[in-house]
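Report on the structure given below.
No hydrogens, no waters, no symmetry mates; every other heavy atom, side chains included, goes into these values. We name chains A, B, ... by the order of the sequence lines, and we start the count at 1 in each one. If you're wondering where the values come from, they're calculated on a predicted model, not measured in any experiment.
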Protein chains: 2
Amino acid sequence: MPSSIEYIEKLRKSNLRPTKQRIKICEVLFNADKTFHFTISDLAKMIEVNANQKISLATVYNTIHAFEKKGYLKEIAINSSQTYFDTNTSNHHHFFDEKEKELIDLENDGLDPINIKKNIPGKIIKSVEVLVKVDVDK
Amino acid sequence: MPSSIEYIEKLRKSNLRPTKQRIKICEVLFNADKTFHFTISDLAKMIEVNANQKISLATVYNTIHAFEKKGYLKEIAINSSQTYFDTNTSNHHHFFDEKEKELIDLENDGLDPINIKKNIPGKIIKSVEVLVKVDVDK
DNA sequence: AAATAGTTAATAATGATTCTAAATTGTATG
DNA sequence: CATACAATTTAGAATCATTATTAACTATTT
């Protein structure tokens, strides 16, 4: 479990000032045993439980977007009223449980390799995301 | 190009009353030469241009969701402030041009077959969507 | 033609996200 | 260490897509 000093270094390296708020958010996101998926409101709740400090919602949004730009997080494409983020930034895909509104990792060994044969002139591929929607059988 | 009588039949078969509004929306969506992608606000504009009748935004939303449930349309998973729909309901995938905020079809012959090897106990796969984000090279 | 159940429409409400401007804080410099 | 300045935080307002509300309207059944 990284110490706050490591997060300070990490933030500095990314040209993000290591503020109390950013360090706290790093702790909540990156001290976990496993990577996980979250929405901003999930995260706000986690901070509240975990925190001896209150972080403004605007700051949570700012910070998460800053972290996403720096590659600390990935945003996951699903149609939902809320945006989901993933602390697992490795190349992988997702199941989305329609009933639980919950994401589940689909690692690359869980599917045949994706190979895009078509290309768009003048454009380069930035990402390839597979979303497998699942639901209870009925 | 189907006539309005065909849309009336189509709607009746789906247990949707063939109202003026629904027929008009069918015309705008399904009289096009090619399938296309749209947002609700795109569609509202198309109706306005095309129409001798005004359709309430609430009705546009209701109708599009009704059509989606009946399988006339597919909703496409992307993270965007607006939801995208596709009049192409066949099994296929998408590019998303980050610059133009535009979807482009990626037919099944444009990529190697998708084969999901992992499964989620108690759940069945409802859909598999591949989203390839592209942008100008820079 | 009347009854009724489904549909439409205008508008209000909601909820996630972004914006704003003022207060605060981190950091570089003297 | 004190100061200056730019970056950051904050609370709350604003935005915008979408959904809810409910009264008026319409398609269909009897």
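If you measure from atom CG of L16(A) to atom P of dT25(C), you get 19 Å, rounded to the nearest angstrom. In this structure, I40(B) atom CD1 and dC16(D) atom P are separated by 17 Å, rounded to whole Å. In this structure, CZ of F38(B) is placed 16 Å from P of dA17(D), rounded to the nearest angstrom. When rounded to the nearest whole Å, the span between CG of N62(A) and C1' of dT25(C) equals 15 Å. Computed from coordinates, the L11(A) CG to dT25(C) C1' distance equals 15 Å when rounded to whole Å. Straight-line distance from the NZ atom of K101(B) to the P atom of dA17(D): 14 Å, rounded to whole Å. If you take CG of L57(A) and P of dT9(D), they are 13 Å apart, rounded to a whole angstrom. As a whole-Å value, the separation of Q53(A) CD from dA11(D) P is 12 Å.
Under 4.0 angstrom from either OP1 or OP2 of dT10(D) there lies at least one side-chain N or O belonging to Q21(A). For Y61(B) and dT19(D), the shortest distance from a side-chain N or O to OP1 or OP2 is not below 4.0 Å. Distances shorter than 4.0 Å separate some side-chain N or O of H65(B) from OP1 or OP2 on dT19(D).
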- Message: Between K118(B) and E107(A), does the salt bridge (charged side-chain N to carboxylate O under 4.0 Å, His left out) criterion hold? Intermediate values first, please.
- Response: CA-CA 9 Å; K118(B) 187 183 171 188; E107(A) 297 295 344; over 6 Å; no
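Put simply, CG on D135(B) and CD1 on I124(A) are 7.5 Å apart, with the number rounded to the nearest 0.5 Å. Atom CG of D105(B) sits about 11.0 Å away from atom NE2 of H93(B), to the nearest 0.5 Å.
A donor and an acceptor atom, one from each side chain of T63(A) and Q21(A), are nowhere located under 3.5 Å apart. Residues T59(A) and N62(A) bring no donor and acceptor atom of their side chains to less than 3.5 Å of each other.
Proximity of I25(A) to F67(A): side-chain heavy atoms (C-beta onward) are separated by under 4.5 Å at one or more points. Side-chain contact check for R17(A) versus L11(A): every heavy-atom pair is 4.5 Å or farther apart.
Cluster annotation: I104(B) and Y84(B) are assigned to distinct hydrophobic clusters (Ile/Leu/Val/Met/Phe/Trp/Tyr, side-chain heavy-atom contacts under 4.5 Å, transitive).
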Interface polar pairs with nucleotides 26-30 of chain D, N/O, under 3.5 angstrom:
unit_1, atom_1, unit_2, atom_2, d
dA27(D), N3, R17(B), NH1, 3.3
dT28(D), OP1, R12(B), NE, 3.1
dT28(D), OP1, R12(B), NH2, 3.1
dT28(D), OP2, R12(B), NH2, 3.3

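The stretch residues 71-86 of chain A has no heavy atom under 4.0 angstrom from DNA chain D at all.
With sequence neighbours left out, H92(A) forms a ring-ring contact (aromatic ring centres under 6.0 Å, His included) with H94(A).
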